Amino acid sequence: MNEPKNIVEIKLILEAALLTAGEPLSLDDLLHLFAERMERATLRMLLDELKADWAPDSQKATMELVQVATGYRFQAREKYAPFLTRLNPEKQQKYSRATMETLAIIAYRQPVTRGDIEEIRGVAVNPNSIRQLQERDWIDIVGQRDVPGRPSLYATTKHFLDDLNLRSLGELPAMDDFVHPEMQLDF
Amino acid sequence: MNEPKNIVEIKLILEAALLTAGEPLSLDDLLHLFAERMERATLRMLLDELKADWAPDSQKATMELVQVATGYRFQAREKYAPFLTRLNPEKQQKYSRATMETLAIIAYRQPVTRGDIEEIRGVAVNPNSIRQLQERDWIDIVGQRDVPGRPSLYATTKHFLDDLNLRSLGELPAMDDFVHPEMQLDF
Amino acid sequence: MQTELPQSKPSMEARIHGELLAHLPQDLYIPPDALAVYLEAFEGPLDLLLYLIRKHNLDILNIQMAELTRQYMLYVERMQAIKLELAGDYLLMSAMLIEIKSRMLLPNPADVIFEDDPRAELVRLLVEYEAIKLVAQRLDELPQVGRNILVADAHYHQISIVAPPEVSLDDLMDAWKNVLKRARHFQHHQVGRMELSVREHMSIILRKLRDALTNGESLVEFSQLFDVLNDGIPKLVVYFLAILELTREGLLRITQQAAFSPIYLQVGHSA
């Protein structure tokens, strides 16, 4: 195909680009599609036409052309989303034992370093555990211990308390709450 | 949208799924779109119809529905590629001759060890070639040859076939055997 | 004497069905750097041999060993002369060629290759390599995702938001119990509410110092940490205990220039 000669061809190229881009395309991106110079106003008008071509009552009803912060993209109309989501069902994940124990140690012994956690658990800290808890905004770094390597000190956040419905760490069940006589924890 | 009630609705959902997948979808994937059971034969028939809906002379001419090794996908018709690749010229992978020859040996002689590749090419295998091909997910290790050192056996992946628009290794370009007939060599 | 150099990598052009397209420097003088580029374009001894065969229109099935060996050695010598990093493979091939040549000198050299023709193995290698070379080029010419194939990848809204794992207080307790079960040095340790409050406030203080540091203040005045009017005595006590514990653990440094002058807190000893 040579450089497009008419509006129909230009629109086809725009459509192909927007359907395959995998991310929104800005006006500047779209102008790069064509060797010849095009006014931004013209491009905008063509995009409006393309949008109309994909109207809900047309033959091209599955997608809609929308403008988002970084540009234009085709997206499946909302009513298809429940079906498409079935292709990538989300697993109701659970934190691993390592992550939960890391969290417990940080909650009860804070502020602690990785080294402290390792000493208590007797195994190396899984960086994923720390990352998961940080991404959840349940723990953060509150300083460095002043020893060689200056390891980071981890503590729980307010957000963690909120999510567990606690007003303060003091409301965490204290040890003696579950060290019942009959439990005879084998420490 | 409730579960689709008729063929038109089913086809729209298939179209939306395939336009948004970004990779081939297998029949099994596609069956997951629907809560109700569907015969694979029915699904195949609907996909054929969908393919026809996107015929080059239709209103939906920019994409074509193709079948590759791991399933079905929509891809831009080839005439648009020169325009679309202007968006990301740097993404255009070009491999060295050494890499392409290594790939050809793995594709046509698989499973092969590094030693096999070296014997055919007459030079040491460039580790970069192997790495590039592995990173692209075009080759992987399928086992070890049961000889001293247990060298890894390389083979091409389904992803390699997908990327070259092929359904099976049988669709690879034929290897030239033009010298062999007259040779009468009893190797 | 000036020699015409190939326009592009010779082996890219010399490959097609014995159609010889590349121009090979015929004569002796080639600028060394140009020669290096030229010679590096070969993928190895087999590639070079194929090139020579095609260039001289030699019959791959009836190779004139003397001529081929002479040509090949010429190149290898040139490569060595310009100190091109020469793969051992090239020298190995020299040895093979010379061996074949000498075996050909034995009685009964055949025009047609047969089973025990000394050239048989070499021919097998060349034929196989040439086939691979050709097919590699064809593979490279196939349409490829990302190059000439662009896959539809429009957007859709994932309906359900990825729900983070549910964690209940009980889960946390279970985890803590497990930790304690395994950690023997907790044997006599009981964590009480008071101590937890202290530990919480240790974190709060460290966070405040961290934030102050981000604002360029390495020192925080003791009294800035809490609200004397509103916090209430228990809270102040907890703050005080937290400061003592932080100091004990070396996480905090307290300084005071003189009695009754402001007390300053800072992280560690130097930060």
Side-chain angles (χ1 to χ4, degrees), chain B residues 16-24 63 65-66 68 73-76 78 80-82 84-85 88 91-105 107-109 118-124 159 162-166 172-180 182-187, chain C residues 9 11-12 15 17-18 41-50 59-61 87-90 92-93 96 112-117 119-121 123-157:
Chain B
L18 288 159
L19 283 174
T20 55
E23 59 181 16
M63 300 282 134
L65 183 60
V66 298
V68 290
R73 72 178 174 214
F74 271 115
Q75 62 193 38
E78 206 156 336
Y80 299 110
L84 307 191
T85 50
N88 296 86
K91 270 198 196 155
Q92 303 254 41
Q93 280 277 22
K94 183 77 190 156
Y95 295 119
S96 68
R97 254 183 77 203
T99 301
M100 286 310 293
E101 288 179 10
T102 302
L103 175 65
I105 293 168
Y108 285 83
R109 296 278 183 257
E118 289 178 358
E119 198 180 299
I120 294 174
R121 295 192 63 237
V123 285
H159 190 233
D162 283 349
D163 273 3
L164 294 192
N165 229 10
L166 304 171
L172 280 175
M175 182 126 170
D176 244 319
D177 285 335
F178 61 98
V179 200
H180 284 232
E182 322 118 60
M183 272 189 65
Q184 308 286 345
L185 282 177
D186 177 18
F187 293 138
Chain C
K9 294 185 175 184
S11 37
M12 298 293 278
R15 70 178 66 208
H17 293 255
F42 291 110
E43 286 291 328
L46 287 174
D47 199 20
L48 173 55
L49 279 176
L50 268 182
D59 181 356
I60 197 166
L61 297 180
D89 310 298
Y90 281 96
L92 215 62
M93 180 58 76
M96 185 181 182
V112 178
I113 291 178
F114 53 90
E115 204 176 328
D116 57 355
D117 187 300
R119 297 170 296 182
E121 174 63 9
V123 170
R124 187 187 70 80
L125 289 176
L126 287 170
V127 166
E128 167 128 49
Y129 178 63
E130 184 162 57
I132 285 296
K133 247 179 82 164
L134 288 169
V135 93
Q137 195 190 20
R138 277 179 216 160
L139 274 189
D140 208 15
E141 287 161 358
L142 286 182
Q144 209 181 86
V145 165
R147 210 155 74 185
N148 7 41
I149 298 174
L150 291 114
V151 179
D153 191 12
H155 181 80
Y156 76 94
H157 280 300

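Note that the structure is predicted; figures quoted are calculated from it, not measured. Proteins get letters first, then strands, A, B, ... in listed order; numbering begins at 1 in each.
- Contact of the B:Glu119 side chain with the C:Glu128 side chain is not registered, since no non-hydrogen atoms from C-beta on lie closer than 4.5 Å.
- Side-chain contact between C:Asp140 and B:Arg97 is absent, with no heavy-atom pair separated by less than 4.5 Å.
- Annotation: maximal heavy-atom pairing with chain B below 4.5 Å, among C:Gln144, C:Met93, C:His155, C:Glu141, occurs at C:Gln144.
- At a threshold of 4.0 Å, the pair C:Arg147-B:Glu78 does not count as salt-bridged, since none of the basic side-chain nitrogens sits closer than that to a carboxylate oxygen.
- Considering only heavy atoms from C-beta on, B:Leu164 comes within 4.5 Å of C:Leu139 through its side chain.
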Could you walk me through whether B:Glu23 and C:Val151 satisfy the side-chain contact (heavy atoms from CB on, under 4.5 Å) test, starting with their C-alpha distance in whole Å, then the side-chain angles of each, then the deciding distance to 0.1 Å, before giving a yes or no? CA-CA 7 Å; B:Glu23 59 181 16; C:Val151 179; 5.9 Å; no
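- Between B:Leu103 atom CG and C:Ile132 atom CD1 the span is 10.0 Å, to the nearest 0.5 Å.
- For a residue to count as touching a neighbouring chain, one of its non-hydrogen atoms must lie under 4.5 Å from one of that chain's; by this rule B:Asp162 touches chain C with the backbone only.
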Between B:Arg73 and C:Ile149, is the side-chain contact (heavy atoms from CB on, under 4.5 Å) condition met? List the steps. CA-CA 11 Å; B:Arg73 72 178 174 214; C:Ile149 298 174; 3.9 Å; yes
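- To the nearest 0.5 Å, atoms CE (B:Met63) and CG (C:Leu150) are separated by 8.0 Å.
- Taking 4.5 Å as the limit, every side-chain heavy atom of C:Leu142 sits out of range of all side-chain heavy atoms of B:Asn165.
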Give the intermediate values and the outcome of side-chain contact (heavy atoms from CB on, under 4.5 Å) for residues B:Thr20 and C:His157. CA-CA 10 Å; B:Thr20 55; C:His157 280 300; over 6 Å; no
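- With a threshold of 4.5 angstrom between heavy atoms, B:Leu18 approaches chain C through N, CA, C or O but not through any side-chain atom.
- We find the CD-CD distance between C:Gln137 and B:Glu101 to be 10.0 Å, quoted to the nearest 0.5 Å.
- Ion pairing between B:Arg121 and C:Asp47 fails under the 4.0 Å rule for side-chain N and carboxylate O.
- No side-chain heavy atom of B:Gln75 sits under 4.5 Å from any side-chain heavy atom of C:Asp153.
- Both the backbone and the side chain of B:Ala98 come within contact range of chain C, judged by heavy atoms closer than 4.5 Å.
- Only the backbone of B:Ala174 comes within contact range of chain C, with heavy atoms under 4.5 Å apart.
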